[in-house]
Amino acid sequence: QLQASGGGLVQAGGSLKVSCAASGRTFADYAMGWFRQAPGKEREFVAVISASGGIANYADSVKGRFTISRDNARNMVYLLMNSLRPEDTAIYYCAGTTSSLVRLRAGSADYWGQGTLVTVSS
């Protein structure tokens with residue numbers, strides 16, 4: 001089970017860190033990722049990180065601004081968002097899979113969190 005938190009209202013140019021807590025003993029077996037869905041739009045990939053944390057991939061739209069990380073000892077995955085833009089406004093979801101990063105990036109996950117709302121004001 002995944003529980004996302006940390007969303008909120010932030011001004012453009014600001015920063016926010018969202019977190020995802022995972023329950024279960026096998027968190028370190030899961031590749032994890034963040035996705036987002038803006039109003040009226042389809043869900044899109046944001047970032048993924050390998051089970052060990054050694055590999056991370058980002059969508060072009062967030063590359064250089066967002067950083068995904070994980071703490072396997074705490075069963076947590078994070079998304080640090082810097083230089084936020086109004087177009088980053090969305091519900092952010094965490095997801096996990098024991099399958100590949102490629103499949104996770106494509107949206108194929110074993111588990112999805114409930115989402116946390118990030119609103120960036122201009």
Output for pair (Asn75 CG, Ser23 OG), nearest 0.5 Å, gives 8.0 Å
Point to revise | Check: Phe66 ring centroid to Trp34 ring centroid under 6.0 Å | key: no
Correct closest heavy-atom pair for Ser99 and Ala31 would be O-CB, 4.4 Å
Compare all side-chain heavy atoms of Ile49 with those of Ile55 and state whether any distance is below 4.5 angstrom. no
| message | Measuring only between side-chain heavy atoms, which start at C-beta, is Gln37 closer than 4.5 Å to Glu44? | response | no
### Query
So do Thr67 and Tyr78 actually touch side chain to side chain, heavy atoms under 4.5 Å?
no
For Asp60 and Lys63, run salt bridge (charged side-chain N to carboxylate O under 4.0 Å, His left out): C-alpha distance rounded to whole Å, both residues' side-chain angles, the deciding distance at 0.1 Å, then the answer.
CA-CA 5 Å; Asp60 288 343; Lys63 200 172 293 183; 3.1 Å; yes
Assess the residue pair Met32 and Arg70 against the criterion (side-chain contact (heavy atoms from CB on, under 4.5 Å)); give the C-alpha distance rounded to whole Å, side-chain angles, the decisive distance to 0.1 Å, and a yes or no.
CA-CA 8 Å; Met32 299 296 296; Arg70 65 189 296 159; 3.6 Å; yes
Separation between OG (Ser61) and CG (Asp88), nearest 0.5 Å, reads 7.5 Å
Next on the checklist: Could you check whether any side-chain heavy atom of Gln114 comes within less than 4.5 Å of a side-chain heavy atom of Ile91, counting everything from C-beta outward?
Outcome noted: no
So CG of Asp110 and CG of Asp29: to nearest 0.5 Å the spacing works out to 11.0 Å
So CZ of Arg36 and CG of Leu79: to nearest 0.5 Å the spacing works out to 9.0 Å
For this session: Could you tell me whether the side chain of Ser50 and the main chain of Gly54 form a donor-acceptor pair under 3.5 Å?
Result: yes
- Message: Set out, in order, the CA-CA distance, both residues' side-chain angles and the distance that settles side-chain contact (heavy atoms from CB on, under 4.5 Å) for Met81 and Val118, then state yes or no.
- Response: CA-CA 10 Å; Met81 302 178 287; Val118 173; 3.9 Å; yes
Ala90 and Leu117 have their tightest heavy-atom pair at O-CD1, 3.6 Å
Open item on the list: When you compare the side chain of Gln1 with that of Tyr111, does any pair of heavy atoms fall below 4.5 Å?
Closed with: no
Of all heavy-atom pairs linking Ile68 and Gly33, the shortest is CD1-CA, 4.2 Å
Exercise. Consider only side-chain heavy atoms of I, L, V, M, F, W and Y, link residues closer than 4.5 Å, and tell whether Val48 and Tyr93 are in one cluster.
Key: yes
### Query
Is there side-chain contact between Arg105 and Phe35, with heavy atoms separated by less than 4.5 Å?
no
Discussion item. Whether Arg65 engages the ring of Tyr58 as a cation-pi pair (distance to the six-membered ring centre under 6.0 angstrom, angle to the ring normal within 45°) should be assessed.
Written reply: no
Disulfide (SG to SG under 2.5 Å) pairs touching residues 21-120, sequence neighbours excluded, are Cys20-Cys94
Pairs of donor and acceptor atoms involving the side chains of residues 2-18, under 3.5 Å and at least two apart or interchain, shall be tabulated with distances.
| residue | atom | partner | partner atom | Å |
| --- | --- | --- | --- | --- |
| Ser15 | OG | Asn82 | OD1 | 2.7 |

Item to complete: Kindly work out whether a path of hydrophobic side-chain contacts (I/L/V/M/F/W/Y, heavy atoms less than 4.5 Å apart) joins Val77 to Leu104.
Response: no
